[in-house]
Structure formats: structure tokens, C-alpha cells
Number of protein chains: 2
Amino acid sequence: MKNEDDPKDKRLKPGDAQKLTMAEVAKYVGVSAMTVSRAFRQDASVSEETRKRIMEAVDALGYVLDLSAGSLSSRRSGFIAALVPSINNSNFSDTARGMTDALQNTGLQLLLGYTDYSAEKEEELIEAMLRRRPEGIILTGGSHTARARRMLVKAGIPVVETWELPEDPINQVVGFSNSEAMSLLVRTLAGQGYRKFGYIGGTTARDTRGSQRRSGFQKTVEELGLGPGRMISFGVPPITMEQGGQAIVSLLERWPDTEVVLCVSDLSAFGAIMECTRRGMKVPRDIAVAGFGDYEISSICHPRITTINVDCYGIGRQAAARLLDTLHTGEATGDEITLTGYKVVLRESTDRNGAPTA
Amino acid sequence: MKNEDDPKDKRLKPGDAQKLTMAEVAKYVGVSAMTVSRAFRQDASVSEETRKRIMEAVDALGYVLDLSAGSLSSRRSGFIAALVPSINNSNFSDTARGMTDALQNTGLQLLLGYTDYSAEKEEELIEAMLRRRPEGIILTGGSHTARARRMLVKAGIPVVETWELPEDPINQVVGFSNSEAMSLLVRTLAGQGYRKFGYIGGTTARDTRGSQRRSGFQKTVEELGLGPGRMISFGVPPITMEQGGQAIVSLLERWPDTEVVLCVSDLSAFGAIMECTRRGMKVPRDIAVAGFGDYEISSICHPRITTINVDCYGIGRQAAARLLDTLHTGEATGDEITLTGYKVVLRESTDRNGAPTA
DNA sequence: CTGTTAGCGCGTTCAC
DNA sequence: GTGAACGCGCTAACAG
């Protein structure tokens, strides 16, 4: 913190300054600050010769551009805010990766936050993000507090909601119907002859995607005339593998004749299957289990787990791409919904032949 | 974008403005902008009465503080930069969560980037981060390009390197010796009577923690007089479960009498065990397997996996805490190393009794 | 407790 | 292709 040197010695030596400004670099090179500024932009009109000299000086002096100053002046922060429920869930981290990849070489940086599945925390985070003046914002899901919605609308930036199909979208949507996806899984398994369906999910209040999957399950089971599904809830998200194990135990105690159990997530399905194995039950011989999300584990474990494959990475990538479109077309783009695909992946854990090792 | 109203109508109506400034809020309330600014800070001396009026106006108008302007003026960005190799690895996302939690209520926000295990990408990211003028930066590992090191030193902000013990730390370190941790695992298993050790890891160039684990393994196996370890490499990081399965097949083809296989990560260990199961081998009856990292899966799967438990969350939390200390004590804190704990967790996958189901 | 003045380090805008 | 003046929205520093 102390200046050991003669404070009047203002000469600039390479490797000297800690907090260098553009003006100082400009003086060193013998141009104006504006020219240095231009040298940093792709398109700007600076002679190759001048740019080269400037960049050499930048290197020699170790100057680093100050974007916070630049964005104040240009009124473009260079940020895109993104909120996901949990960073520890590989489905969402795949989505975050998709967003980051889509933002590559756009000069935009992702400002990532996680809401812990809480609408209140989401509201706080939205406010914190908006204070950084992001040029767009990507949210997970369509449930937000009234104040959050107000802030988002007022911010006047493009908003993309993902992973669901909100009834009343703020702006753009990139996602799929969790309810229909689960419904498809129920129908597929019913088509294979399963009749007695159980369901394992979290308490619904916080995880809106989870509750959509649950209602898709219930609705479909009833539509198929298979009576009310056998539902077991474990605690609040994030979903753990262990909860799946505990839940299937409860479920089988209560309804021992259950044929197939659908889980809100592959993670709980895996926990359930392992617990069954540990208790000497064979999956799918004694009970079939399916998950949701097609996590890596489901194609590796034994037995491999039937699930719904969701395009997590694509959701992120497309959400960012939609945002970029809107930004480039001058925010005039109409609100629109981009549907992302999902598909049933049938694997050993629901195999009717009960021959887990193929 | 168009202004439908009379542009001369400058009266401020609640819920009107998109881009409101502090000065406008101040005018609305009848105070100076500075007083509004003070009302937003915790410590600042503003009468409760005035603050209340200001905050009501802020609410009514929907004003959102502009931190980018504030940080230019205060010369404090409010950012902490953090770089992790991969966001899809739950060990690192636990670390990120630890950092975020430690930064709670400090007014500092995490700017997260992932390097994809590449020093070049890390260098790029460091530059991109420094352009935002972070007040501190947290890195994973101690291997950086020369230019990255130069930029970091020159930035004059506290740097914390994590997850390893670099030979030549830049500043502070929060981590543990990956080599010694792996060594401890080898010794523990050798103590149980295992003699023929195999090792499965990635190609070493990019993943420095992986190569430290590998060398800890090799060194220790030789020290114990158990000859050179049987090493199999799979591709570049990130580590997948599938690679573990492929690797153990190669390893057993080449050295069929291997008794125990140590893996660079629980993820490859899990893949290896599942592949063995699929091929009709029992773990640990036919071969014992251990991992590294104590991922959730290892305590759930069947058989449960012996591993090294690492305090991932604590690494993040302490790294951020050290940074905060340094920031508060005026950056005068000496460089120091904070060791984080690790411990061997013995589970079924290396049980000498070979009774996987307890 | 509150107001005034003067920048923070850039980019915009308009000259040349 | 380059430069000068000005201002982005806020806060530090000082005054009262």
C-alpha cells in the first residue's frame, strides 16, 4: 500500500503500475486514449500499425481493460444473468454449460446464481442480478414471486424461462411439459403390461417441475383406469439418492404388491434400486423402477435405469441463443415458446422379461 | 423503445420509468442523491425517517440500484472470481457452494467460470475475470500458464489456490496433498493384506490433481515393496463413469491376478464396479475397488465404495473466508496454507471378508 | 444527519 | 484513421 518511490516520479516503466488506465497506456504509446479503446474492439477502425504498437504496450505494461468503466459508458454490462435451482444437480449444470457455450465469443459473460429451489431466494437473487444491469436473464421454471415478476418486467430486458412451460410466460420460454413427459412414461409402461403404479417424489411446494411430474403421473394413471397412484413423498429438494431408498421402503410397506415405481428423478430411482438390492429384492424381477432426467448414472448402473431423457444442455444452449437473437433484433421479437425434446429410454430396470443382465 | 408520451412531460409517476437514476429518486423524495445513496448502505448515517421515505419511493418507483456505476466510483467491484475445472463434477460444485455460502451477506458476488481442465482456458478466463476487477480470485490447483501468473500477481488482489498444495503458491492456499491422500489409501489397503495393486486414472497432462494421486499411488506401492503398480490410463478429463468400466476391463486383461484397483475418482470406480458386475464378477469377492472423492453415489451404491473423503464444501468455504480475512485486514496478511482434512472411508468394495451385503 | 463538488475509467459523439 | 469534449450513475471527500 505504501509508495516507496518518489511520488513525483510519474515515468511509466513496464511492469510497474498496478492500476493502469487507458490514458496512461495511450500516453506511453503516444496516441489518444480513444485510439487505445478502439484497438481493443474488433470492428473499430485503427490502422494495423497503430493497433500493433498499442497491443505491444498493453503487453509490456500489463494493462488490463476495465469493463466496468466501459459498460457504464456504453450502457452495456456484458452480463447475462442465469438462475438455476441447484448447482449440484448435473441436469442443471448441463444447462449452465449449454448457456456458457452459447455465450462463447459473444463478449457476454454468464452471471450464475442458484436459488436453492426457493422463490424467495430467487427474488433476492433477481434483485441482486438486476443491480448489475444484465442484458438478459434466464430463469428456471415459471413460478416467481409477484415482486420478482414486477422487477423482471420493469427491467426491460429479455427474460427466458426454462425447463417448464409456464402458463403465463413473462417473455420467452425454452422447455417442455414435465407433466406430459411423465405421462408418456406412464403410458409406455402401462403399454408393457404394468398395472400397479407407485410414485416417489419430493414434497411439492418448492419444486415446481417435480409437482408437474407428479400431477402428470396421477392424471395418467387415473385416465388409464388404474386407480389412484400410490404416492410417497420425501422431504424438500434437492433430491438425494438416500431419500429414494427410504421412500421405496415406505411404499412397499404400504403397498407390497406394487409392480412399478416411477421416481421424480433418476437420483431417487437409483437410491431406490440400491436399497432394494441391499434388501435382497431384484429389480426388475421383484419390482420395476423408473426415473426421470437420464443422468449419467442411469446408463451405467446395474440394472440400467429406464428414464426420460431431457435435453438439459440444449435447454441452456437454446435459452442463451434465444436471448442473443432478441438482443440482436433489437428486443422486438415477440414472445415465443421453444419446445425442447424428451424421450422415454427403456432400460433394464423395467424390463418385463426380468433379465437384468442382457 | 418508442416514447408514446409527450417527451416534455418529465413528471415522475410511480411505475413509470425503466431506467431510473438515483438523482430522480432523490428529486422525487426531495433529498439529494447522496442521501439516497446512503440510505442503501447499512452503516451510513441517515435518519430512520428519511431512509423510510426513500425506501418507500424506491419501492413505488421500482428503482434498482446500479452497482456498476457504484463500483466505478467506489473502486470496489463487489466481485470475487472463482475458477473451477468443471461445473458438472459434484466435488467442484460443492466447493462452489461453499464459496457462495461464505460470501452470503458480505455484499460480494461470485463470478464463476470453468476452465475445462485446460490451463489455456484458465488463462483466458483469468483475463476475462480481471477485466471485471474482482476483489479477489479463487483458483483450482496450482498449475497456471506463466502469463496467467503474471496477470494474477500484477492484479494486486488476493489469490487463493485450492484443492492442491502448489509448490510455489501465488498467495494463499486452501487444500490438501492429493498425493499423500492417495498414499494413505494405499497403505491402509496394504495393511489389510492387499498386495497386487492396480490403478485407473486419466491421462495426466491436464488434471494435475489426478496426476498427483497417481504419483502418490506409484510411490507408495514401490515403497511398500509391492513392485510397480499396474497402471491404466483413459482419456482426458472430465472423468466419466464409462471410462472406469472400460479401464478395468483393460486392466484385468493385462493383469488378471490384480487384487485391488484404486481409481482417480469415485466416478470411475463406480463405472468399474458396474462393469465387473455386468460381467459376472463380484466386488470385492473377485476384485476390490476403491475410489477418491466420496461422492454421494459411493455411500448409496451396491457394494458401497471405499474412498477418500475430501472436504469439498469446506475447501470452498474456507477459501472464501481466507479471502475475506485478507480483504478486511487490508491485504497485509502473509501468505499462508490452510490444510483441509481428508480421510479414508472403508466400505464394502474393499471388504476382505468379501461379504458385500452386511 | 445532509448537501455539494468532483471525479471513477471508459465509450459516445462529433469533429478533423 | 485519429482526437477532444463530455457524460454514463454513482460515491468519496469534505463542508455545514
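Convention: sequence-line order gives letters A, B, ...; per-chain numbering from 1. Quick caveat: nothing in here was measured; it's all calculated off a predicted structure.
- Nearest nucleotide to the B:S45 side chain, out of C:dG11, C:dC1, C:dC8: C:dC1.
- The residue B:M34 sits close to a base: some heavy atom pair falls under 4.0 Å.
- When the shell of 6.0 Å around CD of A:E167 is examined, it contains 12 or fewer heavy atoms from other residues, nucleotides or ligands.
- The pair B:K52-B:E48 does not count as a salt bridge, with every side-chain nitrogen at least 4.0 angstrom from each carboxylate oxygen.
- Listed nucleotides C:dT2, D:dC10, D:dG3 differ in distance to A:S32; the shortest reach to its side chain belongs to D:dG3.
- Atom P of nucleotide C:dG7 and atom CE of A:M22 are separated by 21 Å, given to the nearest angstrom.
- In this model, the phosphate group of C:dC10 is approached by a side-chain N or O of A:Y63 to a distance below 4.0 Å at OP1 or OP2.
- Salt bridge A:R149/A:D168: present, at least one basic N to carboxylate O contact under 4.0 Å.
- Mapping B:S68 and A:A33 onto DNA chain D by nearest heavy atom places A:A33 closer to the 5' end of the strand.
- Residue B:T50 is in sugar-phosphate contact alone, with no base atom involved, counting any heavy-atom pair closer than 4.0 Å across all strands shown.
- Comparing A:R41 and B:L72, the nucleotide of DNA chain C nearest to each residue sits closer to the 5' end for B:L72.
- In this structure, the nucleotide among C:dG9, C:dT2, C:dG3 sitting nearest to the side chain of B:V31 is C:dG3.
- Both tests do not hold together for A:R51 against A:F40: distance to the six-membered ring centre under 6.0 Å, angle to the ring axis within 45°.
- The side chain of A:R51 places no N or O atom within less than 4.0 Å of a non-bridging phosphate oxygen (OP1 or OP2) of D:dG1.
- With hydrogens and angles left out, the side chain of A:R38 and the base of D:dG3 share a donor-acceptor pair within 3.5 Å.
- Nearest to the side-chain atoms of B:T35 among the listed nucleotides C:dT2, D:dC10, C:dG9 stands C:dT2.
- With distances taken from any side-chain atom of A:S74 to the nucleotides D:dC10, C:dT12, C:dT2, the minimum falls on C:dT12.
- In this entry the distance linking NZ of B:K27 with P of D:dG9 reads 13 Å, nearest Å.
- When the P atom of C:dG11 is taken as reference, atom CG of A:D66 falls 9 Å away, rounded to whole Å.
- Nucleotide C:dT13 holds its C1' atom 14 Å from the CZ atom of A:R75, rounded to whole Å.
- In terms of phosphate contacts, A:S47 brings a side-chain nitrogen or oxygen within less than 4.0 Å of OP1 or OP2 of D:dT2.
- Considering only side-chain atoms of A:A69, the nucleotide from D:dC8, C:dC10, D:dC10 that sits closest is C:dC10.
- Between B:R133 and B:E48, the residue anchored nearer the 5' end of DNA chain C, judged by the nucleotide with its closest heavy atom, is B:E48.
- Proximity of a side-chain donor or acceptor of A:E161 to a complementary backbone N or O of A:I170 within less than 3.5 Å is detected.
- Put simply, CZ on A:R131 is 13 Å from C1' on D:dC10, counting in whole angstrom units.
- For A:R76 and C:dG9, the CZ to P distance is 22 Å, given to the nearest whole Å.
- Within the nucleic acid shown, A:F40 has no heavy atom closer than 4.0 Å to any nucleic acid atom.
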query: When you look at B:R131 and A:D66, which way does the side chain to side chain contact (heavy atoms under 4.5 Å, CB included) test go after all the steps?
result: CA-CA 5 Å; B:R131 290 182 169 190; A:D66 187 336; over 6 Å; no
